[in-house]
Number of protein chains: 2
Amino acid sequence: MKIGELAKAANTPVETIRYYERAGLLPDAARTESNYRIYGEAQRDRLIFIRHCRGLDMTLDEIRLLLRFKDSPSENCAQVNTLIDEHIGHVSVRIRELKNLERQLKTLRKTCGEARESSQCGILNGLSACREGESLTGKTGHVHGAHTMKS
Amino acid sequence: MKIGELAKAANTPVETIRYYERAGLLPDAARTESNYRIYGEAQRDRLIFIRHCRGLDMTLDEIRLLLRFKDSPSENCAQVNTLIDEHIGHVSVRIRELKNLERQLKTLRKTCGEARESSQCGILNGLSACREGESLTGKTGHVHGAHTMKS
DNA sequence: GAAAACCCTGTAGCCGCTATAGTGTCAAGC
DNA sequence: GCTTGACACTATAGCGGCTACAGGGTTTTC
């Protein structure tokens with residue numbers, strides 16, 4: 001199959017596939033005479049694996065490690081378990097952080113129930129004031145942000 | 001105060017302060033004869049405001065909007081309320097996504113209780129298999145990722 | 001008067017894509 | 001057989017929000 005077909009089969013943009021190749025997650029693809037990439041089922045499955053991992057918010061580095069284990073089936077998978085455990089830890093930490101955030105934001109929102117002059121706005125004023133016990137976000141994990149990509 | 005003092009006062013790296021200036025969040029600072037930036041209390045307060053907003057995971061664009069309202073105190077702050085409401089929405093969405101993720105990861109983790117051969121590893125095999133009802137993450141908000149920055 | 005600590009500008013890198021510009025190849029329809 | 005359109009290729013730049021240089025100048029401290 002050509003790259004466009006693979007893209008459909010794995011529900012992945014073409015550019016992303018080429019990016020994964022450059023990034024070393026997919027092996028350099030075989031080429032036709034006219035220099036088009038061609039793929040078999042093995043590569044398709046590998047790509048689907050990668051996309052599953054990305055769907056679980058793993059970094060490409062984490063995925064690289066998992067792929068190494070997939071590529072050496074006789075090795076002991078203890079490191080895989082560790083990786084997943086750590087990743088779960090990162091996600092949990094991030095959930096806790098975001099819940100905190102949500103709480104703070106809702107508190108802040110209550111301080112300006114209705115529209116009024118900016119100078120009187122409880123939100124703007126609240127953001128200016130210094131709160132004390134603020135343990136600013138994340139040093140622990142690698143799960144970031146509060147903003148998803150599209151739109 | 002010079003930039004280093006401001007950095008301490010607002011608990012913000014010097015480079016980040018310069019970056020905010022370039023990004024138009026802080027006004028171009030006044031300069032000494034030897035071209036050093038100098039700041040007063042107003043700029044310090046503005047920076048602290050920005051850092052509070054960042055602590056609440058707002059984007060620089062969102063913060064720019066808030067600053068516009070701070071800069072025109074007689075305007076109606078309805079848009080501020082809307083922004084905060086939307087931001088709360090983004091955070092809530094992200095929390096739901098991450099909880100989902102956590103659930104999936106824990107399920108996956110259970111499939112390989114103990115270390116064994118990679119080829120037998122429930123995790124690696126689970127990641128290869130196609131799950132059906134996967135509503136892949138995020139189109140709705142702008143709160144992203146599961147990975148925090150440092151370490 | 002030398003060394004350390006600070007400041008400056010400009011540029012490149014991080015991640016995981018995404019989007020261009022500019023070119024080449026191929027299959028279908030006339 | 002020639003045009004049109006869909007697809008493929010490479011190379012490069014951009015996103016956000018910093019962070020980290022390199023290579024210089026200034027100010028403070030001993």
Side-chain angles (χ1 to χ4, degrees), chain A residues 1-26 28-39 47 50-64 90 136-139 141-151, chain B residues 1-26 28-39 47 50-51 53-65 90 136-139 141-151:
Chain A
M1 48 172 42
K2 286 189 284 178
I3 199 168
E5 301 169 78
L6 176 61
K8 262 167 216 153
N11 195 29
T12 304
V14 166
E15 302 86 356
T16 302
I17 298 173
R18 287 195 280 247
Y19 171 74
Y20 287 159
E21 182 180 311
R22 275 201 309 283
L25 294 173
L26 292 172
D28 285 11
R31 302 287 184 134
T32 65
E33 286 190 352
S34 52
N35 201 34
Y36 285 15
R37 287 171 182 83
I38 29 172
Y39 300 93
L47 178 55
I50 294 169
R51 298 298 280 182
H52 276 157
C53 294
R54 288 292 299 135
L56 296 173
D57 238 334
M58 296 178 197
T59 64
L60 298 192
D61 261 356
E62 289 172 328
I63 299 170
R64 256 182 284 266
H90 298 152
L136 303 172
T137 44
K139 267 147 214 300
H142 65 150
V143 180
H144 55 210
H147 299 259
T148 38
M149 21 253 63
K150 317 227 124 190
S151 133
Chain B
M1 48 173 37
K2 286 191 285 178
I3 198 167
E5 301 169 78
L6 177 61
K8 262 168 214 149
N11 195 29
T12 305
V14 166
E15 303 85 356
T16 302
I17 297 174
R18 288 196 280 246
Y19 171 75
Y20 287 160
E21 184 180 309
R22 275 200 309 283
L25 294 173
L26 292 173
D28 286 12
R31 302 288 183 133
T32 66
E33 285 189 353
S34 53
N35 201 33
Y36 284 15
R37 289 172 180 82
I38 30 170
Y39 300 92
L47 177 55
I50 294 169
R51 297 299 280 182
C53 293
R54 289 292 300 137
L56 296 172
D57 236 336
M58 297 180 199
T59 63
L60 298 193
D61 260 357
E62 290 173 328
I63 299 170
R64 256 183 283 266
L65 183 64
H90 298 151
L136 303 171
T137 43
K139 265 143 214 300
H142 65 153
V143 179
H144 55 210
H147 300 258
T148 38
M149 22 255 62
K150 319 224 125 190
S151 136

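Each chain gets a letter, A, B and so on, in the order the sequences are listed, and its residues count up from 1.
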Evaluate the side-chain proximity of [Y] to [X]: yes if any heavy-atom separation is below 4.5 Å, no if none is.
X: B:T16; Y: B:R51; value: yes
X: A:Y36; Y: A:I3; value: no
X: A:E21; Y: A:D28; value: yes
X: A:K2; Y: A:R37; value: no

Short side-chain N/O contact from A:T16 to OP1 or OP2 of C:dT18, under 4.0 Å: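 Checking C:dT18 against A:T16, a side-chain N or O does come within under 4.0 Å of OP1 or OP2.
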May I ask you to verify if any side-chain N or O of B:R37 is less than 4.0 angstrom from the OP1 or OP2 atom of C:dC8? yes
I want to confirm an ordering. Mapping A:D61 and B:N35 to their closest nucleotides on DNA chain C, which one lands closer to the 5' end?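 Its nearest nucleotide being more 5', the pick is B:N35.
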By nearest nucleotide on DNA chain C, pick out whichever of B:E5 and A:L60 is the more 5' one.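 Comparing both residues, the 5'-ward one is B:E5.
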Taking B:R18 for the side chain and B:R22 for the main chain, is one N or O donor matched with an acceptor at less than 3.5 Å? no
Without swapping roles, check the side chain of B:R64 against the backbone of B:G24 for a donor-acceptor pair under 3.5 Å.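 Judged by distance alone, no pair lies under 3.5 Å.
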Expressed in angstrom and rounded to an integer, what is the separation of [X] atom [atom1] from [N] atom [atom2]?
X: A:I50; N: C:dC17; atom1: CD1; atom2: P; value: 10 Å
X: A:I63; N: C:dC15; atom1: CD1; atom2: C1'; value: 12 Å
X: B:E33; N: C:dC8; atom1: CD; atom2: C1'; value: 16 Å
X: A:R31; N: D:dC7; atom1: CZ; atom2: P; value: 19 Å
X: B:I17; N: C:dC6; atom1: CD1; atom2: P; value: 14 Å
X: B:L26; N: D:dC18; atom1: CG; atom2: P; value: 11 Å
X: B:E15; N: C:dC8; atom1: CD; atom2: C1'; value: 12 Å
X: B:I3; N: D:dT26; atom1: CD1; atom2: C1'; value: 15 Å

If every non-hydrogen atom of B:R54 is compared with every non-hydrogen atom of B:M58, which pair is closest and at what distance?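 Distance-wise, the nearest heavy atoms are NH1-O, 2.5 Å.
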Heavy-atom closest contact (B:L26 atom, B:L47 atom, distance): CD2-N, 4.2 Å
Collect all protein-nucleotide pairs involving nucleotides 23-25 of chain C in which both atoms are nitrogen or oxygen and the distance is under 3.5 Å.
{"unit_1": "C:dG24", "atom_1": "N2", "unit_2": "A:Y36", "atom_2": "OH", "d": "2.8"}
{"unit_1": "C:dT25", "atom_1": "O4'", "unit_2": "A:Y36", "atom_2": "OH", "d": "3.3"}
{"unit_1": "C:dT25", "atom_1": "O3'", "unit_2": "A:S34", "atom_2": "OG", "d": "3.4"}

Mind running a 4.0 Å heavy-atom check of residues 18-25 of chain B against DNA chain D and sending the residues that fall below it, in number order?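 DNA chain D contact set from residues 18-25 of chain B: B:Y19, B:Y20.
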Which of B:L60, B:V14, B:L25, B:T12 passes side-chain contact (heavy atoms from CB on, under 4.5 Å) with B:Y19? Answer is B:L60
